[in-house]
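What follows is a single structure, written as structure tokens, with notes after it.
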Amino acid sequence: MRISLLKSVPVVLFVCLSALTLLLTVDHVLDAVDGGLRSPSPSAVVERSLSSADDDLANYDNPSDSYSASMQVRYGHMLTGRDFEANRAYVERALYAPVVIFGLGALAIVFYLCGLLWRCCCECCRCLPDAQDAQYDYKRTTNTVCFYLFVLCVLLFDQLVFVGNTEIDKGVTTLHGSLDDIHALTFDVATDAATLLATGNAMTTQYAALKTQLQSSSDPTCNAYANQLGSAQSSIASFTSTMTSLHKAVRRLPGRVLDVQDLLDQYAMQYRQIGIYVIWGLAIVCGLLFFAAKVVESMATMKAAVTLGVLTFVLYLLLGVPWVLLASLGGDFCMAPTYNLVKAAPGGDVRNMLRYYTSCVGNSTIDGYVDDGADGIRSLNATLNSFRAAAPNCANVAEVGDLFASVRTVNVTIGSVLDTLDCPNIRSIYFDVVNTGLCSQLYTGVFYIWGSQLVTSFCLFALLVVAVVTYQYFDVARVVPTADDDEDDDG
């Protein structure tokens, strides 16, 4: 007997649902692509933003930045088609893509499970193959080809995870090396700042001792100079105050760099490896279990494979939300990372420092502290030289020598700070971190892992749909009439 139309409803439902999911996903991607194609280029983004009269980045320029967005970054940017903004409205808009993809996947698996329940509860809807159907062999062959094709696709596209993992490893290595350089740099600056502050405090003590020495001298000229060296005291006080500000600004930087490295080791290495191997291993196990069930034609094995496949699909669906969010946010940011970072930074010293050390144009807040301190030391040095020339007898004391020694220490240390904070050197490290490590290597890895999960999960869902038809052929034998059967019928 041929299969009735009613019995074929669940199969048709599964196939139509799979096609509908594909069409809706493609339609969403095409809309995003169309929006991305209409979205401005990075240079246009910068040009439009800089043309705003109320934008304090109107004079922003970075001719040294030769970064160009990769193909993966451009595709990721198409998910939103929006310029990166550090505000709530932008983040809410970026959630559209993960919500839509998650909704489509959830709808698909719910309909799939409802179809299975329908088949279990309604005997007339089990779609059992009819061995007497003239197209039985064709249908079974078609089902087998589709089954093995989707098994191959699941196993093949799942390997893209390792492509992404390799790129992330490259990015982590680049970031680690750059963070080591940054840690060494910030440690040197923090050490020099502590030395300058300690020297400033020492000069305060040395000046107080010099003043006491002059006041207690039997020479009236020295007594008079005790009150005429007020400018030296002011210079020392100004220098010490400036070095206090500098020390507060940089003293915690080395520790924070180490904290970033620890987080990088923890999340980008340990947790990432565990997560990637779990999602890779589940897809491999599902594919191999489906393959084994088909080869041995075991209904129990096939049902176990379907159960594991559903759980894996749900896990992929849940993990896909953060991955697609990372892909969309990262794509928008990495279209013009330096500009976006400067734009997102709070106004004032932080933004000015970012602008300076990413372009070497303008002034740095830290350099300002150093320059102010150097001005105070130059004023102190001039005052001490004038004092020594005008009253050599009064200046021939140990306290004056100590002050000159401190001035020399300050000059050497300030030179060390300026060498360490050489802008082209810091800019090079910054480009390694952001342009190469973050936006080229790390983002490429994220994009491939997300793409692998997206395509693998769709192929896995298609395999689940085909599999629930495949295992029904296991218990249906093809009956081919023989000559003896024909003679018996004639008799």
Side-chain angles (χ1 to χ4, degrees), residues 7-22 104-123 125-129 136 139-162 274-320 452-478:
K7 292 182 179 182
S8 65
V9 169
V11 178
V12 175
L13 175 63
F14 293 148
V15 174
C16 291
L17 180 59
S18 178
L20 177 61
T21 304
L22 175 62
L104 290 174
L107 184 65
I109 200 65
V110 166
F111 272 97
Y112 178 82
L113 295 175
C114 289
L116 288 181
L117 182 62
W118 187 6
R119 169 182 286 182
C120 294
C121 296
C122 300
E123 183 177 355
C125 301
R126 293 177 181 175
C127 304
L128 295 174
Y136 173 86
K139 292 178 179 179
R140 180 165 186 168
T141 301
T142 301
N143 177 271
T144 300
V145 171
C146 291
F147 180 87
Y148 284 127
L149 177 62
F150 285 122
V151 168
L152 179 62
C153 288
V154 168
L155 296 177
L156 180 63
F157 288 114
D158 188 43
Q159 306 312 307
L160 287 176
V161 167
F162 286 106
I274 294 173
I276 285 177
Y277 280 112
V278 166
I279 61 178
W280 173 81
L282 284 175
I284 291 295
V285 171
C286 281
L288 294 179
L289 194 59
F290 275 115
F291 179 80
K294 174 62 177 175
V295 170
V296 301
E297 294 195 351
S298 169
M299 184 175 295
T301 305
M302 184 65 79
K303 289 182 178 180
V306 169
T307 302
L308 181 60
V310 170
L311 295 177
T312 302
F313 182 84
V314 172
L315 178 62
Y316 270 49
L317 201 59
L318 294 174
L319 293 177
S452 172
Q453 285 190 336
L454 181 66
V455 179
T456 302
S457 60
F458 180 82
C459 293
L460 179 60
F461 179 76
L463 179 59
L464 288 170
V465 173
V466 174
V468 295
V469 178
T470 300
Y471 73 74
Q472 294 190 103
Y473 284 97
F474 296 168
D475 293 334
V476 179
R478 175 62 166 143

Exercise. Any sub-3.5 Å donor-acceptor pair from Y316's side-chain atoms to T456's backbone N or O?
Worked result: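 No: the side chain of Y316 does not pair with the backbone of T456.
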Exercise. Passes side chain to side chain contact (heavy atoms under 4.5 Å, CB included), Y112 versus V310? Steps please.
Worked result: CA-CA 9 Å; Y112 178 82; V310 170; 3.9 Å; yes
I need the minimum non-hydrogen distance between [X] and [Y], along with the two atoms involved.
X	Y	result
F290	F147	O-CZ, 3.2 Å
L460	F313	CD2-N, 3.8 Å
A106	L317	N-CD2, 3.4 Å
V151	G287	CG1-O, 3.6 Å
C286	T312	SG-OG1, 3.3 Å
I276	I279	O-CG1, 3.2 Å

How long is the gap from [atom1] on [X] to [atom2] on [Y], to the nearest 0.5 Å?
X	Y	atom1	atom2	value
I284	Q159	CD1	CD	4.5 Å
L454	F157	CG	CZ	10.5 Å
Q453	L318	CD	CG	10.5 Å
L107	L104	CG	CG	7.0 Å
D158	L282	CG	CG	9.0 Å
L464	T307	CG	OG1	9.5 Å

Exercise. What pairs meet the salt bridge (charged side-chain N to carboxylate O under 4.0 Å, His left out) rule with one or both residues in residues 300-317, with sequence neighbours excluded?
Worked result: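 Residue pairs passing salt bridge (charged side-chain N to carboxylate O under 4.0 Å, His left out), neighbours aside: none found.
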Problem set entry | Validation row: V466, N143 side chains within 4.5 angstrom (heavy atoms) |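 Yes, side chains in contact.
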Problem set entry | F162 side chain reached by Y277 side chain, heavy atoms, under 4.5 Å |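 Side chain of Y277 against side chain of F162, heavy atoms only: contact under 4.5 Å found.
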Problem set entry | Heavy-atom neighbours of Y148 OH exceed 12 at 6.0 Å |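 More than 12 heavy atoms, drawn from other residues, nucleotides or ligands, come within 6.0 Å of this atom.
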